[in-house]
Amino acid sequence: TRYRCRMYRSDDGVPARQRRVGTTVLTIVLGLVAALGAACSSSAEDGAVADPAVSTETTSSTVPQLPEDVSLPIVFVHGFAGSAQQYETQAMRFAANGYPSERIVAYDHDGAGMDIGAYADGVDQLIDETLAATGAEQVYLVGHSRGTIVSSAYLGDPTRAAKVAKYVAIDGGSCVDVVPCITPNQDALPGQAHVETATSPESFAMQYEFLVGEPPAVTDLEPQSEPVVLEGRAVNFPANTGRAGATLEIWEIDADTGARVGTEPHASFELSDDGAFGPVDTTAGAHYEYALSQPGSEVVHHVYLQPYERSSQLVRLLSSAPDGSTRVNTNADADHSSIIAIRMREWYGSDDGDLPGDQTDVLEISVDGSDPTDVIAGFDSDDAIGLHIHDDAATPGETTLGPLPYFSEQPFQQGVDLFMPASPEGTGTISVTSIARGDRSRPQTLNVPNWPSDTGAISVVFTDHPVE
């Protein structure tokens, strides 16, 4: 049986959570939940679905835009070690159902901090800015995990609560009794782990029907007409501060090798303090490299995202300064590559016997056509969304698939020892294939150069849903 993050109620009726991650973090968060208990309802069914406000008719894959009185601005508040990335797919789903994309915003804040009051103040500032920009009188507030604690604190102020029409509390604290509310959590979404409850199509359907008043026309994303326009931020994980002073180059690449196409980048940005970039037009389904470099450092962070089929305003490039904790704790050398594999849907290292089929994830890695190695096979974690994969300094040149120091101790992360030979200029190819939850009919592959880890960090970012 999978040990999952599930809601339960303590003796005083306040919801708490079980999670196989940092005990210290849990203690702090649960203490905050208890402190906010007076503002929380003891029922998870506080907000009934509203009466239908509009009838959406579809013609083929085209959905009319929703009227403004229905599509109030949505403000998403992420949780611990989170970012706007955990609502990116849902924002695309809302847009695919006629929701104006410019009315969906996210509040990025320190993913490792616990200053709930300051974060609630930040939410208030973003809500005021959003109301001023859109002319709306209220917003829909969506919180996930620790974001529900921030949201509960925000809603505890009657003046602030008056700015919120409805509230969605995803797998965290319970509803508050001041606004209509629902709680999509792991009990309501069987088989889904903590982060997945924020990103899954089933969670989206619950949220959409509650907010809009009727079921969504589509939950599976379809490619849009070109161009696909992307914009977002390059941030230092987990603080979500901008990669200030960095240069971002976006290169179109060969999907089969990861090699750059042409001699000039598709787009280039000098990043300011907030790390914002874009908008930039891209080709639907095309593969791109997002290369981050910093003055005074020879290290380039090469980020490879699965191809976008729809526009996004919430692109997040999770990065680290050359002297950041991720870089410092990565065993880097000219002879091998290092990879971080990210997906906003937990990597399952074991099957869930309560569900049909094999739910185990597979992540196969090969270099220049070598036999693939499943780096998930054997590790006992079911809660990681970031996998750090590189050669362990304790066993140089060997692959043990054992846990790496530091990373295997971090919340929502795991480290795996795999030796991947590098070439000086990244002329070889590393193939990374994700078999999501045992579905071998839809393998997801990213091919990237085998950059040496002493001068190049590699991130491969898989979507939380299959891309055809």
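Any value given below was found using the heavy atoms of this structure, including those in side chains, with hydrogens, waters and symmetry copies removed.
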TODO: Report the C-alpha separation of Val164 and Val139 in whole Å, then their side-chain angles, then the decisive distance to 0.1 Å, and conclude whether the side-chain contact (heavy atoms from CB on, under 4.5 Å) test is met.
DONE: CA-CA 5 Å; Val164 177; Val139 303; 4.2 Å; yes
Quick one, Val303 with Leu305, criterion side-chain contact (heavy atoms from CB on, under 4.5 Å). Give me CA distance, side-chain angles, the key distance, then yes/no.
CA-CA 7 Å; Val303 183; Leu305 311 178; 3.8 Å; yes
query = Stepwise, does the side chain to side chain donor-acceptor pair (under 3.5 Å) test hold for His302 with Glu289?
reply = CA-CA 6 Å; His302 308 272; Glu289 171 199 349; 2.8 Å; yes
- Task: Apply the test side chain to side chain donor-acceptor pair (under 3.5 Å) to residues Glu202 and Gln192: give CA-CA distance (whole Å), side-chain angles for both, the deciding distance (0.1 Å), then the verdict.
- Result: CA-CA 10 Å; Glu202 294 82 8; Gln192 298 186 15; 3.0 Å; yes
Original post:
After noting the C-alpha distance and the side-chain angles of Val460 and Val448, does the key distance pass the side-chain contact (heavy atoms from CB on, under 4.5 Å) rule?
Top reply: CA-CA 8 Å; Val460 292; Val448 303; 3.9 Å; yes
Show your working on side-chain contact (heavy atoms from CB on, under 4.5 Å) between Val212 and Leu66 and close with a plain yes or no. CA-CA 9 Å; Val212 175; Leu66 294 169; 4.2 Å; yes
### Message
For a side chain to side chain donor-acceptor pair (under 3.5 Å) check, start with the C-alpha distance between Arg327 and Ser320, then their side-chain angles and the critical distance, and finish with the verdict.
### Response
CA-CA 7 Å; Arg327 185 66 188 169; Ser320 173; over 6 Å; no
Would you check, one step at a time, whether the test side chain to side chain donor-acceptor pair (under 3.5 Å) holds for Thr199 with Gln86? CA-CA 6 Å; Thr199 62; Gln86 289 164 343; over 6 Å; no
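At distances below 3.5 Å, not a single donor-acceptor pair connects side-chain atoms of Ser145 with backbone N or O atoms of Gly79. A donor-acceptor distance shorter than 3.5 angstrom exists from the side chain of Gln90 to the backbone of Ala198, with no hydrogens or angles considered. The backbone N or O of Phe210 lies less than 3.5 Å from a partner atom in the side chain of Lys166, making a donor-acceptor pair. Asn240 places a side-chain N or O within donor-acceptor distance of the main-chain N or O of Gly82, the cut-off being under 3.5 Å. With Asp417 contributing its side chain and Pro403 its backbone, the two residues share no donor-acceptor pair below 3.5 Å. Distance alone, capped at 3.5 Å, places no donor-acceptor pair between the Thr148 side chain and the His144 backbone. Looking only at distances, a side-chain donor or acceptor of Gln138 sits under 3.5 Å from a matching main-chain atom of Ala162. Not a single donor-acceptor pair under 3.5 Å links the side chain of Gln306 to the backbone N or O of Thr445. Within the 3.5 Å criterion, the main-chain N or O of Ala239 finds no donor-acceptor partner in the side chain of Asn236. Put simply, the side chain of Asp382 gets close to the backbone of Ser350: a donor and an acceptor are under 3.5 Å apart.
Between Val235 and Thr241 the shortest side-chain heavy-atom distance does not fall below 4.5 Å. Side chains of Arg103 and Thr134 form a contact here, defined as non-hydrogen atoms less than 4.5 Å apart. A heavy-atom distance below 4.5 Å is found between the side chains of Gln313 and Ser101. Between Val228 and Asp281 the shortest side-chain heavy-atom distance does not fall below 4.5 Å. Side-chain contact between Pro223 and Arg310: absent, with no pair of heavy atoms (C-beta onward) separated by less than 4.5 Å. Considering only heavy atoms from C-beta on, Arg345 stays 4.5 Å or farther from Thr463 through its side chain. Residues Leu318 and Ser83 are in side-chain contact: their nearest non-hydrogen atoms beyond the backbone lie under 4.5 Å apart. Leu387 has its side chain within reach of Ile376: a pair of non-hydrogen atoms, C-beta onward, lies under 4.5 Å apart.
Annotation: the span from Gln85 atom CD to Asp108 atom CG amounts to 10.0 Å, rounded to 0.5 Å. Separation of atoms CZ (Phe237) and CG (Leu317) is listed at 14.0 Å; rounding is to 0.5 Å. Between atom CD of residue Gln207 and atom CZ of residue Phe76 there is a gap of 8.5 Å, rounded to the nearest 0.5 Å. A distance of 12.5 Å separates OG in Ser200 from NE2 in His465, rounded to the nearest 0.5 Å. Going from atom CD1 of Ile342 over to atom OG of Ser459 covers 4.5 Å, rounded to the nearest 0.5 Å. Annotation: the span from Leu141 atom CG to Leu155 atom CG amounts to 5.5 Å, rounded to 0.5 Å.
In this structure, Arg437 is positioned above the aromatic face of Tyr348, its NZ or CZ under 6.0 Å from the six-membered ring centre and within 45° of the axis.
Scanning both residues, Leu271 and Ala276, for their nearest heavy atoms gives CD2-O, 3.5 Å. Closest approach of Leu292 and Ala234 over heavy atoms only: CD2-CB, 3.9 Å. Residue Val300 comes nearest to Ser293 through the heavy atom pair CG2-CB, 4.3 Å, listed as atom of the first residue, atom of the second, then distance. Across Ile385 and Trp347, no two heavy atoms sit closer than the pair O-NE1, 3.4 Å. Scanning both residues, Ile170 and Thr197, for their nearest heavy atoms gives CG2-O, 3.5 Å. When all heavy atoms of Arg243 and Pro322 are compared, the closest pair comes out as NH2-CD, 4.3 Å.
With 3.5 Å as the limit, one finds a donor-acceptor pair spanning the side chains of Glu88 and Tyr308. Between the side chains of Asp171 and His194, at least one donor N or O lies within less than 3.5 Å of an accepting N or O. For the 3.5 Å distance criterion, the side chains of Ser408 and Gln413 fail to qualify, holding no donor opposite an acceptor. A donor and an acceptor atom, one from each side chain of His390 and Thr330, are nowhere located under 3.5 Å apart. Checked by atom type, the side-chain pair Asp124/Tyr154 shows a donor-acceptor distance below 3.5 Å.
Every residue was checked against the ring pair (Phe, Tyr, Trp, His ring centres under 6.0 Å) condition with Phe269, not counting sequence neighbours, and none meets it. With sequence neighbours excluded, the residues forming a side-chain contact (heavy atoms from CB on, under 4.5 Å) with Ser272 are Asp274, listed by chain and number.
Aromatic pair Phe94/Phe204: ring centres closer than 6.0 Å. For an aromatic pair to be called close, the ring centres must be under 6.0 Å apart, and Tyr288 with His266 satisfies this.
Checked for salt-bridge contact, Asp464 and Arg343 miss the test: no charged N lies under 4.0 Å from a carboxylate O. Using a cutoff of 4.0 Å between basic side-chain nitrogens and carboxylate oxygens, Asp157 and Lys163 are not scored as salt-bridged.
Among Leu363, Thr433, Val467, Ile435, the single residue meeting the side-chain contact (heavy atoms from CB on, under 4.5 Å) criterion with Gln444 is Val467.
Glu68 CD: 12 or fewer foreign heavy atoms inside a 6.0 Å radius. Annotation for Glu137: atom CD does not count as buried by contact number, only 12 or fewer foreign heavy atoms lying within 6.0 Å.
Under the 30°/60° scheme for interplanar angles, the aromatic rings of Phe80 and Phe412 are found to be tilted. Note: Tyr119 and His109 have tilted aromatic rings, judged against thresholds of 30 and 60 degrees for the angle between ring planes.
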